[in-house]
Amino acid sequence: MIDKLNSPQREAVTLPPQHALVLAGAGSGKTRVLTTRMAWLIQTGQVSPLGILAVTFTNKAAREMVGRVTSILPIDIRGMWIGTFHGLCNRMLRAHHRDAGLPQAFHILDTADQLASIKRLLKANGIDDDKYPPRDVQRFINGAKEEGQRPPDVEAYDSFRRRMVEIYTLYETQCQREGVVDFPELLLRAYELLSRNEPVRSHYQRRIKHVLVDEFQDTNTLQYKWLRLLAGGGASIFAVGDDDQSIYAFRGANVGNMSDFERDYAHGTVIRLEQNYRSFGHILDAANALITHNNGRLGKNLWTEQGEGEQIRVVEQPSDLAEAQWLVEEVRALISDGRDRSQIAVLYRSNAQSRVIEHALFSAGVTYKVYGGLRFFERQEVKHALGYLRLMANPDDDTSWMRVVNFPPRGIGARTLELLGDQAKAYDTSLSAAVARVPGKGGSNLSQFSMLVGRLSEETRMLPLPELVEHVIAQSGLIAHYEQDREGADRIENLNEIINAAAAFALEANMSGLPAGIVVQNPTAAEPDPMEEGLGGLSPLMAFLSHAALEAGDNQAQAGQDAVQLMTVHAAKGLEFDAVFITGMEEGLFPHENSVNDPSGLEEERRLMYVAITRARERLYFSLAQSRMLHGQTRYAMRSRFLAEVPEEHLKWLTPKQGLSDSEPRWKTSNYSGDTYGRQGGQAAPRQSTVPSKMLASGVTVGAQQFRVGQGVRHARFGEGTVIGLSGTGMDAQAQIQFREVGAKTLALGIAKLDIIQG
DNA sequence: TCCAGGCCCGTTTTT
DNA sequence: CGGGCCTGGA
């Protein structure tokens, strides 16, 4: 089991029971160490499978962990605490729902449900949603929860925040009444359950001997607190992560957890996995060099036993269109060289960039697959069907009630629903319970709907899950509705797919001999654990609905195995490919303009670039466009500063490298003609290029002034600076200027008075 | 109640 | 430019 590991890997796997931080670089065998550690602990008899708690962020990672552990050691994973933070908290809350103050059949709101719930709340309480936009309220509430804060804990230093806190309180009341729990609430409730309930806490603390955490750099404050509490009974925390790959600060991840953990727990026990088994030397050295520009790293330098490999190919094109066309040609060349399409990845900073690339690939007939977009359980028709199903389990679920009450349309309009809402509020009941108080035609339509819900509950009470789902979907009128729609065929197909999903789910649950999806106890355990009883009562429907909420399904749009992979850099984390294109290497795009004025934001962008680079095994490309269509305007940008942070020795420019030295990265837009690039190796004849040979206009003229990217300018108030981006024309023209003293600013060229001082 | 056209906005995303 | 959302008219 451990003889194939390198020495730091083996050291990590065989550590005595103590807290440890494993700094696992990209491609260093992180998952292997984590899973081997689990298997080793069990096999050496140091812990029973039930004494382990292993937690990940995604279901995919959790599945992979289970798969790899069981392939090393054929153990029964049932009853083991392996899963996502949310999945494990869900399980804990179901088991101890009374202590947690929840109905056992609580529903889980996904992000969209939560937003709908907040909108409904604002409306019911007459809160101005211009002043308190639902999205901001959602961010406020989730932000507070992720910090472990209930309304009284939130600092409200001004009237705006005080009102936000009031809304937070109202929202909590609403969720509690409806028996629903949002994603951050799963974690916070589970945390509070453990911290306030001594018997429950000591039960878990006594049971759990080893806590293993994957992607530790992505944990938020609350998750870390939860882990510390769980391990509080003397368990060892084995935290694996890479601070250089922390790219989720925007959703609450706190890289600081890593250094805090080292300081508070791991002390000296930090193991670095620095040998990389993925990439060739130039690629790794480029990544290493780039990331040294960040401060406050825990520190790590990747190395490989493979050779130097190829340099990174760099291509600069006049436009985003030309970039895409070049990319297609290069991809085709790779494919005709015998490379597997699925081993070619095209990465970009933002989803908007995929359009041009997709168009070019499509026109050239290259099969591709875009990651991202709507997932199965997030589709409109699927959410409607789930809405009906949720009403079967809980008619007081107002979010679901509102979602389907008039879908398909049954003559229940906004006014009727407003009336219903008023009644519900006045009598402090659910919408469902308030139906009888709404008079008139609207009321009669409502009661018909209410009767439909009641009748379906009755009819499906005794049905097995798949039949139940089938019956509810058939009777909901959804299929009939979509049959009217000439583009409804896909939706109907998805509705049928829910029935399949339910059948598959039920089958899996039966095979494990347990109520669908939720594993209760390890049958091999010496005796049933009274602390964790209570899950058996969870209906298959409830279990299926939890499953749907916690696992939204596959994230890839188009099918096709043998396809070029298109995705954002974020989506590429954890993946690897033989050949990788990093596109849009421009200031304002990568690093993104919203991050460049904030040092920590810029460092996160740099980590993102680090992640992008380290995806590549053999071949890596950087591409950039001098001009790009963005928000309906042509924008001109400088080369990304990150390009200058990679030593020249690792780069091979396929188009002439222009402009000034890297130490002073500047963009001199000039007269490069797009068809002069060649490929490395010399044999490749210059392929025909579709790039227009004449240069695009690269400047913006306003009045008598001609602005260009890279120019030096002076502003009366902001001082001297450099033009780093231009967009628009005439009165719409704007310039992004990096001022020496005051940072980057965007100025309207028609208004701001600028003197051109050079360039 | 429903639909169409206008308007606004525009980074990354898992649970 | 393009998509999502909202409002106003039928």
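Hydrogens, waters and symmetry mates are skipped; everything else that's a heavy atom, side chains included, is used. Below, chains carry the letters A, B, ... as their sequence lines are ordered, and counting in each starts from 1. Note that the structure is predicted; figures quoted are calculated from it, not measured.
Contact annotation: R375(A) side-chain N/O to dT15(B) OP1/OP2 distance is under 4.0 Å. Taking only side-chain nitrogens and oxygens, N351(A) comes nearer than 4.0 Å to OP1 or OP2 of dT13(B). The phosphate of dT15(B) (OP1 or OP2) has no side-chain N or O of N90(A) nearer than 4.0 angstrom. OP1 and OP2 of dT15(B) both lie 4.0 Å or more from every side-chain N or O belonging to R251(A).
The P atoms of dC5(C) and dT12(B) are separated by 16 Å, rounded to the nearest whole Å. dT11(B) and dC6(C) have their C1' atoms separated by 24 Å, with the value rounded to a whole Å.
Stacking between H570(A) and dT12(B) is absent: the ring centroid is not both under 5.5 Å from the six-membered base ring centre and under 30° in plane angle.
Nucleotide dT11(B) holds its C1' atom 10 Å from the CG atom of L608(A), rounded to whole Å. Atom CG in N594(A) sits roughly 13 Å away from atom C1' in dC9(B) (whole-Å rounding). H592(A) has its NE2 atom 15 Å from the C1' atom of dT13(B), to the nearest Å.
Sequence order on DNA chain B of the closest nucleotides to E551(A) and G632(A) puts G632(A) first from the 5' end.
For L550(A), counting side-chain heavy atoms from C-beta on, the closest listed nucleotide (dT12(B), dT15(B), dG3(C)) is dT15(B). Checked against dT12(B), dC1(C), dC2(B), the side chain of P409(A) finds its nearest nucleotide in dC2(B). Distances from the side chain of R355(A) to the nucleotides dG2(C), dT15(B), dG10(B) place dG2(C) closest. Comparing atom distances between the R349(A) side chain and each of dT14(B), dC2(B), dT11(B) picks out dT11(B) as nearest. Closest to the side chain of T568(A), from the set dT12(B), dG2(C), dT15(B), is dT12(B). When distances run from any side-chain atom of S595(A) to the nucleotides dC1(C), dT11(B), dC2(B), the shortest one goes to dT11(B).
Among the atoms of the strands shown, none is found under 4.0 Å from any heavy atom of A552(A). Among the atoms of the strands shown, none is found under 4.0 Å from any heavy atom of P184(A). Within 4.0 Å of F183(A), counting heavy atoms only, lies at least one base atom of the nucleic acid. Among the protein residues, N59(A) comes within range of the sugar-phosphate backbone only, with heavy atoms under 4.0 Å from sugar or phosphate atoms but none that close to a base. Among the heavy atoms of the strands lying under 4.0 Å from Y248(A) are primed sugar atoms or P, OP1, OP2 only; no base atom is included.
Judged by a 6.0 Å distance limit and a 45° cone about the ring axis, R375(A) is not positioned over the six-membered ring of F377(A).
Within the 3.5 Å criterion, the main-chain N or O of L575(A) finds a donor-acceptor partner in the side chain of R615(A).
Between G421(A) and L431(A), the shortest heavy-atom contact is CA-CD2, 3.9 Å. Residue G252(A) comes nearest to E146(A) through the heavy atom pair CA-OE1, 4.2 Å, listed as atom of the first residue, atom of the second, then distance.
With hydrogens and angles ignored, no donor-acceptor pair under 3.5 angstrom links the side chain of T111(A) to the base of dT14(B).
Using a 4.0 Å cut-off between charged side-chain N and carboxylate O, E215(A) and K30(A) make a salt bridge.
Looking at N257(A) and Q217(A), their side chains never come closer than 4.5 Å, going by heavy atoms from C-beta outward.
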